[in-house]
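In what follows, a structure is listed as C-alpha cells, so that the remarks can point back to it.
Being a predicted model, the structure only gives us computed values, none of them experimental. In the text below, chain A, chain B and the rest are named by the order of the sequence lines, each starting its count at 1.
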2 protein chains.
Amino acid sequence: MRDSVTRQTLADQVFARVVEAIVVGEIEAGSPISENEIALRFGVSRGPAREAIFRLEAKGLATRVAHFGARVVDLTLDDLRSLFELREAMEGMACRLAAERITDAELVVLEESLRGHAVRPEVASGQSYYQPGGDQDFHFGIARASHNQRLFRALSDELYDVMRLYRFRSSLTPGRAIEARNEHRAIVEALRSRDPARAEEAMRAHIRSSWRNTQTTFRTQTSTSEPRI
Amino acid sequence: MRDSVTRQTLADQVFARVVEAIVVGEIEAGSPISENEIALRFGVSRGPAREAIFRLEAKGLATRVAHFGARVVDLTLDDLRSLFELREAMEGMACRLAAERITDAELVVLEESLRGHAVRPEVASGQSYYQPGGDQDFHFGIARASHNQRLFRALSDELYDVMRLYRFRSSLTPGRAIEARNEHRAIVEALRSRDPARAEEAMRAHIRSSWRNTQTTFRTQTSTSEPRI
DNA sequence: ATGTCGTAAACTGTAGACAGTATGCGATTT
DNA sequence: AAATCGCATACTGTCTACAGTTTACGACAT
C-alpha cells in the first residue's frame, strides 16, 4: 500500500502539472503546445503527453485541430461572458439544491470558510487540482453541498480551472471584496434557513455582480496593457 | 478536397460508432468494455480505441478506473435526477439567453420543428452524433439560439447523448406527448415575445414536467422487468 | 517582381511491442 | 473445511517506430 489513493499514471501527473503551468501563466494564453514539447518538458513519451493535451481540451483550457495541433485558449470578453452565464446557471442550481440538502456539518464548514478557516478535504486528498482561496473555497463547498455528483463534477472539471485561468490575472476593483463578502453572507443566510428559491437567487445575483466587476477589470487590463512602453 | 469537412481520424470514427452502439443498446448498460475488444471490433489498433474510451468517459457514457478498465454507465434513478437537475439549470439559462438573442430565422426554424419539419444543419454536416427526433430537435435549436458557445457545447457534448441513452429505452406515459407539445408552445411564445424571465421559467417547468414523467416510466420499467418469466 | 507549383520539414495519427498492475483461481497450510 | 498465500492471466500504461497530413519555404515560370 503506497498511498491511500491508487498510484497516479504519468498522464495524470503531466496533466496536473500542465494545468498548473497554464493557470499560473508559465505557459501563456494563446501559445501553441505540441505533444513533443510537453513530452520533452516532463521527460515522458508522446503517449501520456498526448493524453494530457486531450484532457486539456476537455477541460476547456486548450483547443485542438486534427492533424494540426493545440493551443492554449485565450479568453476574449465574449468568452468570459459565456462562462459567467454558464456559471450563473450551474452554481445557481447548485445553491438551490444545497438549500434543500446541505447537512449541518457542511453548513458549519461553509460558515468557517466565510472567516477564511476552510477545511478542504478534496484538495488535501489530491482529488482536485484546484487550490482554492477563500472565495473559491466557498463556491466549491456549495457545489459539493448540492449533493449532485454530475453538477459537482461539471463545475470542478470544466468551469473552475478556466475561471481560475482568468482570475489569476485579474484583480479586484476597490470595494469588491467587501461587496462579495456581503453577498456570501446573504447566500449562507438563505442556506441556513433552507430557502431554495432565495438561495438560488442570492447566488445568481452574486455571480452577476462578479461578472460586472470582471468586465471592468477586463477593460482596465486591455486598455492599460497596450501603452506599456 | 475529399470532403467539405476535414477527414476524420480513426479515433473519431470509432468514437462515433461506439457512442451509437451504446445509445442504441447494442452494447448494454453496465457492461465492461476493454480497449482490445473495441480495437478488434472496429479493426484498429489499441491507440484509437483507447482514445475513444477516454472520450466516452468525458461524455459521461462510461466510467473508468486506472489500471482496471471501463464500463458503460448504468443510470440509477438518482443519476437521472442529477441529470435532470443539471439540465433544468443549463437549458433554463439557454432559453433565457435565447429570448434575448434569437434571430428571426432561428425562431422560424423552432416554430417549424414544432410541426416536425425541422432543418438540422449540425447533423447534416456531421458536426454532431446526435440524431434528434422532434423533441430533441427543439431543445437543440434553443441551445443553439442561446448564442453561447460554451453552453451549447456543454449541452450537446455532455448531456444530450446521456439523456438519449436513457430516453431510447423509455416510453411516453399516456398524454405526455400532448402535454409536452403544449409546454413547447408556451416556450416558443415566450421566445417570440422576447421575455427572458418567462422563457427561462417555461423551459424549467417543461423539464421538471419531463422529469416527473420519467420517474413514472422508470418505476414502471424496473417493476415490470423483474417478474419477466 | 509576382504568382504558382513543388518539395521538405515538422507535426500529428496509428501501429505494435514491452512493462507494470490488479484480479482471480488454485494450491497449500492450519 | 476454511482461510491465506502465491502464481498465472488479462488488462491497462508506456514507449518506440512508422505512416500520413499539413504548413511553410524556396525555386521556377511568367
Side-chain angles (χ1 to χ4, degrees), chain A residues 1-19 21-22 27-28 30-59 61-74 126-127 129, chain B residues 1-19 21-22 27-28 30-59 61-74 126-127 129:
Chain A
M1 198 181 295
R2 53 183 63 76
D3 242 29
S4 65
V5 159
T6 307
R7 188 185 149 82
Q8 281 194 329
T9 66
L10 284 184
D12 289 333
Q13 300 172 36
V14 170
F15 175 59
R17 293 183 60 183
V18 174
V19 168
I22 290 178
I27 301 177
E28 41 183 298
S31 66
I33 41 179
S34 79
E35 297 174 1
N36 246 319
E37 173 196 346
I38 299 294
L40 288 174
R41 178 170 183 156
F42 295 103
V44 298
S45 79
R46 265 184 57 215
R50 182 178 167 85
E51 190 181 322
I53 293 179
F54 277 121
R55 291 203 223 165
L56 283 185
E57 188 189 23
K59 215 186 218 328
L61 282 178
T63 56
R64 273 177 38 85
V65 216
H67 297 115
F68 178 62
R71 61 177 56 242
V72 179
V73 292
D74 192 8
Q127 288 178 30
Y129 312 107
Chain B
M1 199 180 296
R2 51 185 68 75
D3 242 29
S4 66
V5 160
T6 307
R7 187 185 150 81
Q8 281 192 330
T9 65
L10 285 183
D12 290 332
Q13 300 172 37
V14 170
F15 175 60
R17 293 184 61 183
V18 174
V19 167
I22 290 178
I27 301 178
E28 41 183 297
S31 67
I33 42 179
S34 78
E35 297 174 2
N36 245 319
E37 174 196 346
I38 300 293
L40 288 174
R41 178 172 183 155
F42 296 103
V44 298
S45 77
R46 264 185 60 216
R50 181 178 167 85
E51 190 181 322
I53 294 180
F54 278 121
R55 291 203 224 166
L56 283 185
E57 189 189 22
K59 217 187 214 330
L61 282 177
T63 56
R64 273 178 36 86
V65 228
H67 297 113
F68 180 64
R71 61 176 55 242
V72 179
V73 292
D74 191 7
Q127 287 178 32
Y129 313 108

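Across all their heavy atoms, B:Ile53 and B:Ile33 have their closest contact at CD1-O, 4.2 Å. Contact between B:Ala49 and B:Ala39 at its shortest, heavy atoms only, is CB-N, 3.7 Å. What you find for B:Ala11 and B:Arg55 is that their closest heavy atoms are CB-NH2, 3.7 Å.
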Set out, line by line, the N/O atom pairs under 3.5 Å between protein and nucleotides 12-15 of chain D.
from: D:dT12; atom 1: OP1; to: B:Glu35; atom 2: N; distance (Å): 3.3
from: D:dT12; atom 1: OP2; to: B:Glu35; atom 2: N; distance (Å): 3.3
from: D:dT12; atom 1: O3'; to: B:His67; atom 2: N; distance (Å): 3.2
from: D:dG13; atom 1: OP1; to: B:Arg64; atom 2: NH2; distance (Å): 3.4
from: D:dG13; atom 1: OP1; to: B:His67; atom 2: N; distance (Å): 3.3
from: D:dG13; atom 1: OP2; to: B:Arg50; atom 2: NH1; distance (Å): 2.4
from: D:dG13; atom 1: OP2; to: B:Arg50; atom 2: NH2; distance (Å): 3.1
from: D:dG13; atom 1: N7; to: B:Arg46; atom 2: NH2; distance (Å): 2.8
from: D:dG13; atom 1: O6; to: B:Arg46; atom 2: NH1; distance (Å): 2.8
from: D:dT14; atom 1: OP1; to: A:Leu10; atom 2: N; distance (Å): 2.3
from: D:dC15; atom 1: OP2; to: A:Ser45; atom 2: N; distance (Å): 2.9
from: D:dC15; atom 1: OP2; to: A:Ser45; atom 2: OG; distance (Å): 2.8
from: D:dC15; atom 1: O5'; to: A:Ser45; atom 2: OG; distance (Å): 3.4

Derivation and outcome, side-chain contact (heavy atoms from CB on, under 4.5 Å), residues A:Phe42 and A:Leu10: CA-CA 9 Å; A:Phe42 295 103; A:Leu10 284 184; over 6 Å; no
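The side chain to side chain contact (heavy atoms under 4.5 Å, CB included) check on A:Ala21 picks up A:Glu26, A:Ile27, A:Arg41, with sequence neighbours excluded.
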